[in-house]
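Heads up: the structure comes next, in structure tokens.
Order of the sequence lines fixes the chain letters, A, B, ..., with proteins taken first and strands second; residue numbering starts at 1 for each chain. These values consider heavy atoms only, across backbone and side chains, with no hydrogens, waters or symmetry-generated copies. All values derive from a computational prediction rather than experimental measurement.
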Number of protein chains: 2
Amino acid sequence: MEFQEAKDKFISTWGSLGTLWGINKAMAQIQALLFISTKPLTTEEIMEELQISRGNTSMNVRQLIDWGIVKKELKAGERKEYFSTEKDVQELARIIAEERSRREIQPVIKTLQEISSIKDDGTKNTKELIKQTKALHDLATTANALLDKAINHKQNWVSSALIKIIK
Amino acid sequence: MEFQEAKDKFISTWGSLGTLWGINKAMAQIQALLFISTKPLTTEEIMEELQISRGNTSMNVRQLIDWGIVKKELKAGERKEYFSTEKDVQELARIIAEERSRREIQPVIKTLQEISSIKDDGTKNTKELIKQTKALHDLATTANALLDKAINHKQNWVSSALIKIIK
DNA sequence: TTATAGTTTCAAAAATTATTGAAAGTTATA
DNA sequence: TATAACTTTCAATAATTTTTGAAACTATAA
């Protein structure tokens, strides 16, 4: 496998993974491109490399900035904006986990909480609904706390968590 | 909030969560419906409750069975098939985590492994590609091992893992 | 067998989501 | 303040994904 092939494969693998995570293809591909780039890139360069339109590039770069994964860099004496991504995988994982918790897990926990607090009218169906949503609420809360704890141990959390559990 | 409203809210919350996980809406809603049902349901009942077509119901129930989340039940003297889902949240989480690992994480690990093993031709770009894909490969491998360890501690893994890490 | 009660399949339609591209907007500098 | 260089917006279009529904299929019982 040559460099170009490997690079394309990396970008497309990351791109399709993104879809699975609720991140769109272009957004994931831009991040992938920046992740293996040796220097910050301009909108033009991203468009050229990924063969996507200016509008698409602009919108998705903004979203990556929103997520806190991509940073804008300005070069002295140049009008163009240069973009670069977080290069440290641990930090990248931390940011993604945190955003996902905030955007997805926490709202669900809140809803489960609301549902599980409905008035128990004594019927079998209501009892089952309360019981099962409570169980999910507890699971989600615990899993989220675990994730939260993990992502706040900035350095090497995965390895240290692993060691603790495995042994 | 009354029972019916709570029930609808639960089904739609679970449905939209599913989308985020690469599971389609109907599939997630069927699972949600079964999860709070006090008895196994037939195709007819599912169609009726969720207002979806017969074909849609059939295909998505099959997928849930494939995932190992839903089981078919036959009643003596009846031709109809009844469906029920795993009711224990811990076990449900275990199955979902395991399936996601198998379907998504493991193939990506394999691809990252392939990409990071390309021949180093000494150029800066190749070196960066190798370095970054290796780093991702290591992270994914470790995270996956952690998940694997966790899901194989059938009982109460989340809580016990949490206790170990928090203290 | 044949009728009946059920399930599955799949091409077409509908719904959703992503992408384009050109116009509008912004900002730096001459 | 005018122009050039660049970015953003957004309605229209394209691509993708989901859903439908009717025909094909399967199994049981009379």
Side-chain angles (χ1 to χ4, degrees), chain A residues 11-34 39-67 70-85 103-104, chain B residues 11-34 40-67 70-84 103-104:
Chain A
I11 291 172
S12 81
T13 303
W14 212 238
S16 53
L17 233 207
T19 316
L20 247 28
W21 286 63
I23 288 172
N24 85 17
K25 207 178 81 187
M27 186 172 158
Q29 289 189 339
I30 293 170
Q31 201 277 324
L33 176 63
L34 294 174
K39 59 181 206 321
L41 302 179
T42 62
T43 303
E44 290 295 336
E45 290 169 319
I46 295 169
M47 287 168 62
E48 165 67 20
E49 281 271 7
L50 303 178
Q51 293 291 306
I52 58 177
S53 71
R54 188 174 299 283
N56 202 2
T57 305
S58 173
M59 290 175 108
N60 284 296
V61 166
R62 280 327 115 186
Q63 269 206 266
L64 285 165
I65 292 175
D66 266 9
W67 272 67
V70 162
K71 291 269 179 301
K72 188 191 289 192
E73 293 185 24
L74 297 172
K75 292 199 181 181
E78 285 204 62
R79 289 278 288 286
K80 281 199 289 286
E81 295 177 340
Y82 286 80
F83 303 102
S84 62
T85 191
R103 292 171 194 239
E104 297 158 28
Chain B
I11 291 171
S12 79
T13 302
W14 212 236
S16 51
L17 232 207
T19 314
L20 247 27
W21 285 62
I23 289 170
N24 83 20
K25 207 178 84 187
M27 186 172 158
Q29 289 188 340
I30 292 170
Q31 200 276 325
L33 175 64
L34 294 174
L41 303 179
T42 62
T43 302
E44 290 295 336
E45 290 169 318
I46 295 169
M47 286 168 61
E48 166 66 23
E49 281 272 6
L50 303 178
Q51 293 291 305
I52 58 177
S53 70
R54 187 174 299 283
N56 202 2
T57 305
S58 171
M59 290 174 110
N60 284 297
V61 166
R62 278 329 115 182
Q63 269 204 267
L64 285 164
I65 292 174
D66 266 9
W67 271 68
V70 162
K71 293 265 177 303
K72 188 190 292 192
E73 292 184 25
L74 297 173
K75 292 198 181 181
E78 284 205 62
R79 291 277 286 284
K80 281 199 289 284
E81 296 176 340
Y82 285 80
F83 304 102
S84 62
R103 291 170 196 241
E104 297 157 25

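- A salt bridge is defined here as a Lys NZ or Arg NE, NH1 or NH2 lying under 4.0 Å from an Asp or Glu carboxylate O, and A/Arg54 with A/Glu48 fails to meet this definition.
- Residue A/Lys75 contributes atom NZ, which lies 19 Å from atom P of C/dA28 at whole-angstrom precision.
- Nucleotide D/dT17 holds its P atom 16 Å from the NZ atom of B/Lys25, rounded to whole Å.
- Remark: B/Lys25 NZ to B/Ser16 OG distance equals 9.0 Å, nearest 0.5 Å.
- Of the candidate nucleotides C/dT19, D/dT7, C/dG6, D/dT7 has the atom lying nearest to any side-chain atom of A/Thr43.
- Between B/Glu73 and B/Pro40, the shortest heavy-atom contact is OE1-CG, 3.4 Å.
- Among the nucleotides C/dA5, C/dA18, D/dC6, the one closest to any side-chain atom of A/Asn24 is C/dA18.
- Between the P atom of C/dA5 and the CG atom of B/Leu74 lies a distance of 18 Å, rounded to the nearest Å.
- Taking A/Thr42 as the reference, A/Glu44, A/Glu45, A/Lys80, A/Tyr82 meet the side-chain contact (heavy atoms from CB on, under 4.5 Å) condition, with sequence neighbours excluded.
- Considering only heavy atoms from C-beta on, B/Trp67 comes within 4.5 Å of B/Arg103 through its side chain.
- In this structure, of D/dA5, C/dT4, C/dT7, it is C/dT4 that holds the atom nearest to the side chain of B/Arg79.
- DNA chain C is contacted by both A/Glu78 and A/Ser53; A/Ser53 maps to the nucleotide lying nearer its 5′ end (nearest heavy atom per residue).
- Distance NZ (B/Lys80) to P (D/dA27): 19 Å, rounded to an integer number of Å.
- Look at CD on B/Gln63: it is 15 Å from P on C/dC10, rounded to the nearest Å.
- For DNA chain D, the neighbouring residues in residues 54-62 of chain B, judged by any heavy atom under 4.0 Å, are B/Gly55, B/Asn56.
- Rounding to whole angstrom units, CD1 of residue B/Ile52 and C1' of C/dA13 are separated by 17 Å.
- Test B/Thr57, B/Ile65, B/Leu64 against B/Phe83 for side-chain contact (heavy atoms from CB on, under 4.5 Å) and you get one pass: B/Ile65.
- Rounded to a whole Å, the CZ atom of B/Phe83 is 11 Å from the C1' atom of C/dT8.
- At whole-Å resolution of the value, CD1 in B/Ile46 and C1' in C/dG6 are 14 Å apart.
- A search for side-chain contact (heavy atoms from CB on, under 4.5 Å) contacts involving B/Arg79 returns nothing, not counting sequence neighbours.
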